[in-house]
Structure formats: C-alpha cells, structure tokens
Amino acid sequence: PDRSGTGLDTAPVAAGGVAYVGVIGALYAVDVGDGTVKWHRDMSSRLAGIGVGAERVYVNAVQALVAVRRADGTQAWSAPAPDQSSFLDADPTVAGGRVYVASRYDGAVYEATSGALLRKRFWMDPLPAVDAQRAYVLSGVSAEQDAVLHAVDAATGDTAWEFGGWDGVTSFPLVAGEHVYITGRRGDLYALDRSSGAVAWCARTNTINYGSDPHTLALGEGLLLLAVGGELVALEPGGTPGCRFYETALPRYTTPIED
C-alpha cells in the first residue's frame, strides 16, 4: 500500500513483536522492530478483521473464519460463516479457547483449536469483553433498536445471563476483576457480578450518549473512563451497593421497589 493507507484491508494487530495486517486480500506478518515481512499468505478474500491468539491468527474473511499459524502463516483450519451468511467488518475476539466473530444477526462462536461451530445466528455487536469463562457481548432481537448485554458461556456458547432487557444499554461492556461494567439508557453506570449478572453497585454518571452507537469504557490507575456525549469523564471508585435505578418507580405512580 502507499503512504495514504490505500490497499489496507484491516488495521494492524500487534502481538509478540509482530504486527499482523490485511493488504489487498493477503495477510502479512511484519516485524515491528525493523518492518521486515516475516511471511504473508494470500487469503483470496477481503480481510474484514484480525484476532490474535497464543499460536494462531484468526481472520474474518467475510464468508469464513480462517485460522493461520503465527509461526509460518500456514492454514490450520477454515470454517464457513453459518448458513451461507457473511460476517460484518469486525476483529474476531479470542479468549478461553473460543473465537467470537461479531455480526448483527449472524454472529458466531467457534472452538479455537478445531474451528467447530458452537453457536450461530447470534446478534453480536463488535468489541465484546472476554475472560476465560465467558464473553460479554451486546446482543438483541431483530428489528429492535436497543441492545442487551449477554454473558455467553465459553464452554457451550449458551447465554448464562443477560442485563438491560427493560431499557437497553448504551456502552460496550468492560470486564475487570470480578465485575463487568456497563452504562444504562439514563447514563447510569452498573458494576455487575461477572458470574451471575447481579448488580454489585451502580452510580449516576450525569452523562448522556447522544449517538446511535454505544460508547466505550476504559479502566486504569484506579479510574473508570467514559468517552461519551463529546466529553471524557473520569470516575473514582464508589457507587451505591445493590442499587437498581431501573426498578425505581416514577413519582405518583407506585412505591419505589426496595432491595
């Protein structure tokens, strides 16, 4: 590609001193120190995303998920997108021996070693949060606007629990420690137990996501960062234990629900 980036199919993903990038239908492994090409492989398809595991690179090839060995670029396996569907542009996410390929209505979960399909026809937005046991993904129902947070079991591909079905969520999930963080429609921040989905605590952020897409969360140096509504907000540890803002009734209608 030229210096303007023309010809790049994907953004590079770096791991172990090597950057993996898609260029005009081929996957390149480039040494980040000196820029030399370690190997390249013709994928015979546009590359729509790249995910890197311990030993393999997983390529979203639109019509299929392809596993390539990091050592030499040889193909380990190729698995078609379910039911002759296709994947949207998104980097596969690798964790817990599973590969999660996001795609609205046609997302899929594969076994990382063999390529066996564990779950299909699953609405899965990009940027899932993952740990060794589960993937925390934004999902939903066809023709419905609001997304719901699903915890997908890594062993079976089944939904272990969900959160936000009453009013949707407005951020991509973030998992850290024993909690999954997510914001609700009214800008409320929730810390959920990652095993059960129970609310550990929640807090008002006094922010509003005016965009149609979820915003991101980041965690570092003891602060939780929200990039939302045209501003960056940093939150210190805190919150109200066990609170459930969505279950508090409106004044004059009913008595607020107590925990």
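Side-chain N or O atoms of S139 include none that pairs as donor or acceptor with a backbone N or O of V148 at under 3.5 Å. Checked by atom type and distance alone, the side chain of E111 pairs as donor or acceptor with a backbone atom of T113 at under 3.5 Å. At distances below 3.5 Å, not a single donor-acceptor pair connects side-chain atoms of D158 with backbone N or O atoms of D153. Put simply, the side chain of S86 never gets that close to the backbone of V62: no donor and acceptor are under 3.5 Å apart. A donor-acceptor pair under 3.5 Å is formed between the side chain of S45 and the backbone N or O of A61.
In this structure H40 satisfies the ring pair (Phe, Tyr, Trp, His ring centres under 6.0 Å) test together with Y28, sequence neighbours excluded. When the salt bridge (Lys or Arg N to Asp or Glu O under 4.0 Å) test is applied to R134, no partner is found at least two apart in sequence or on another chain. In terms of the side chain to side chain contact (heavy atoms under 4.5 Å, CB included) criterion, residue partners of A176 (sequence neighbours excluded) are, by chain and number, Y181, L219. Residues that satisfy the salt bridge (Lys or Arg N to Asp or Glu O under 4.0 Å) test with R46, not counting sequence neighbours, are D89. Residues passing the side chain to side chain contact (heavy atoms under 4.5 Å, CB included) test with V130, sequence neighbours excluded: T93, A95, Y100, A135. Residues that satisfy the side chain to side chain donor-acceptor pair (under 3.5 Å) test with T159, not counting sequence neighbours, are R119, H150. Legend: residues meeting salt bridge (Lys or Arg N to Asp or Glu O under 4.0 Å) with D42, ordered by chain and number and at least two apart, are absent.
Heavy-atom neighbours of E55 CD from other residues, nucleotides or ligands within 6.0 Å: at or below the threshold of 12.
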For a quick test of your reading: what N or O donor-acceptor pairs under 3.5 Å do the side chains of residues 226-239 make, sequence neighbours left out?
none

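Here the closest heavy-atom approach between residue Y190 and residue C202 is recorded as CD2-CB, 3.6 Å. Of all heavy-atom pairs between S85 and P82, the closest is OG-O, 2.5 Å. A pairwise comparison of heavy atoms in G49 and P92 identifies C-CD, 3.6 Å as the closest pair. Of all heavy-atom pairs spanning L118 and R98, the tightest one is CD1-NE, 2.9 Å.
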Fill in: Stepwise side-chain contact (heavy atoms from CB on, under 4.5 Å) check, S171 with I182
CA-CA 6 Å; S171 74; I182 197 82; 3.6 Å; yes
Worksheet item: Yes or no on side-chain contact (heavy atoms from CB on, under 4.5 Å) for L224 and L174, after CA distance, side-chain angles and deciding distance?
Response: CA-CA 10 Å; L224 188 66; L174 171 70; 3.6 Å; yes
Item to complete: Report the C-alpha separation of V21 and T10 in whole Å, then their side-chain angles, then the decisive distance to 0.1 Å, and conclude whether the side-chain contact (heavy atoms from CB on, under 4.5 Å) test is met.
Response: CA-CA 6 Å; V21 62; T10 67; 4.2 Å; yes
Worksheet item: Run the side-chain contact (heavy atoms from CB on, under 4.5 Å) check on F163 and V180 step by step: do they pass?
Response: CA-CA 11 Å; F163 179 82; V180 181; over 6 Å; no
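The list of salt bridge (Lys or Arg N to Asp or Glu O under 4.0 Å) pairs with a residue in residues 168-178, not counting sequence neighbours, reads E178-R194. Under the salt bridge (Lys or Arg N to Asp or Glu O under 4.0 Å) criterion, the residue pairs touching residues 56-85 are D83-K120, with sequence neighbours excluded.
In the hydrophobic clustering (ILVMFWY side chains linked at under 4.5 Å, chained through shared members), V52 is joined by V13, V18, Y20, L27, W39, M43, L47, I50, V57, V59, V66, V68. Annotation for F87: hydrophobic cluster partners, listed by chain and number, are Y58, L65, W77, V94, V99, V101, Y110, L117 (ILVMFWY side-chain heavy atoms under 4.5 Å, direct or chained).
By the rule that hydrophobic residues join a cluster once side-chain heavy atoms approach within less than 4.5 Å of another member, W201 and L225 end up as members of separate clusters.
In this structure, CG on L149 lies 9.0 Å from CD on E162, to the nearest 0.5 angstrom.
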